[in-house]
There are 2 protein chains.
Amino acid sequence: MTTKPVIQFWFEFASTYSYPAAMRIDRAAAAKGVEVEWRPFVLGPIFASQGWKDSPFNLYPVKGDYMKRDLERTCAELDLPFALPQPFPQNSLLCARIAAALEGALRQRFAQAVYQLEFGEGRTISDPLVAAEALRRAGLDPAFVDRAQDDSVKQALRAATEEAQKLGVFGAPTFVTADGELFWGNDRLEQALDWALKGHL
Amino acid sequence: MTTKPVIQFWFEFASTYSYPAAMRIDRAAAAKGVEVEWRPFVLGPIFASQGWKDSPFNLYPVKGDYMKRDLERTCAELDLPFALPQPFPQNSLLCARIAAALEGALRQRFAQAVYQLEFGEGRTISDPLVAAEALRRAGLDPAFVDRAQDDSVKQALRAATEEAQKLGVFGAPTFVTADGELFWGNDRLEQALDWALKGHL
């Protein structure tokens, strides 16, 4: 019996930089022999506790303009399409709940389909029809969208968000290794994978 | 006659991430055949225009804690000592003015000596004796510290800061290529160098 090192991948569907991370993490992690645990959460309550009522990219427009350009460059390097949906940020609650109701490879396939629709095609992910389309692309029953209304699912997402906050997560994407080391940002993925391997030697 | 591509390196002495950038940019740029123009400025007026009266790392403590840990990891990878000076951030005005009064290799040597004292040894760079020590380590006359009081020097730093703001600089370090492309953060140095080369082909 072999066990691989694991990293938690904390992602937020409203987060632009979570998009390239979600699209490249499988290959990057597999190449290093690290397993990825996909962890959906929402940043809203965490931002609110810092006094922010909107995305920092809207609160600080010069930073928002830079982010868009930086994302264009990042996606171009990865050969990923990039189309910022309007409004920005998107309301991610519906899709985050659906992701919380899924597990393992199903959660991952759904999450990648959501990111593809949102930042690859500029679609509105708060629309239940778009969420259903993401389920369909992930090979799932589009009727699963109704599960987002289950109290147990809502509670699971709330618990995940509280867990993220306790770990010190303040933005997305964030990678957390088994020994609690935290790496923030798509550009820290490789460092997080290396850390997970080191701790596992 | 050959001309190398050039990148502007906008640095702020109070900025933690400017430290590893300042210590590694020469080698990284030389390896790719890019020339570096060292551009001192101060972030205070730019942060103030965003409504910040302190470092975002103090305004958002959870982000500040992460920054310290991330810097420890970054410096460990580069074999650089790291000691955060108190208070943080340091008042960088005196050293920024001295840097503005210097040119070329002298400015660069002085800047690296300041970063070494500040983040390598945890010294207080607003102290004229520490600034004088940085001048000495850079092979310059420590009495040059008095030049910081010249009106023309103060004006030069103000003009540089206004130029940075016009370029869209909102944090440090920032790298700007000849075609006006902007890259923010120590971790974007390689991308900025590649961009400078590409534009130069």
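Atoms considered below: every heavy atom in the structure, side chains included; atoms not considered: hydrogens, waters and symmetry mates.
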CD/A:Glu77 to CG/B:Asp194 distance, rounded to the nearest 0.5 angstrom? 8.0 Å

Please say whether more than 12 non-hydrogen atoms of neighbouring residues, nucleotides or ligands are located less than 6.0 Å from CD in B:Glu103. no

Nearest-0.5 Å distance, CZ of residue A:Arg188 to CG of residue B:Asp187: 4.5 Å

About how many Å separate CH2 of B:Trp195 and CZ of A:Arg73, when rounded to the nearest 0.5 Å? 6.0 Å

For residues B:Tyr66 and A:Phe170, establish whether the separation of their ring centroids is below 6.0 Å. yes

List the steps and the verdict of side-chain contact (heavy atoms from CB on, under 4.5 Å) for A:Val62 and B:Gln165. CA-CA 10 Å; A:Val62 69; B:Gln165 196 156 13; over 6 Å; no

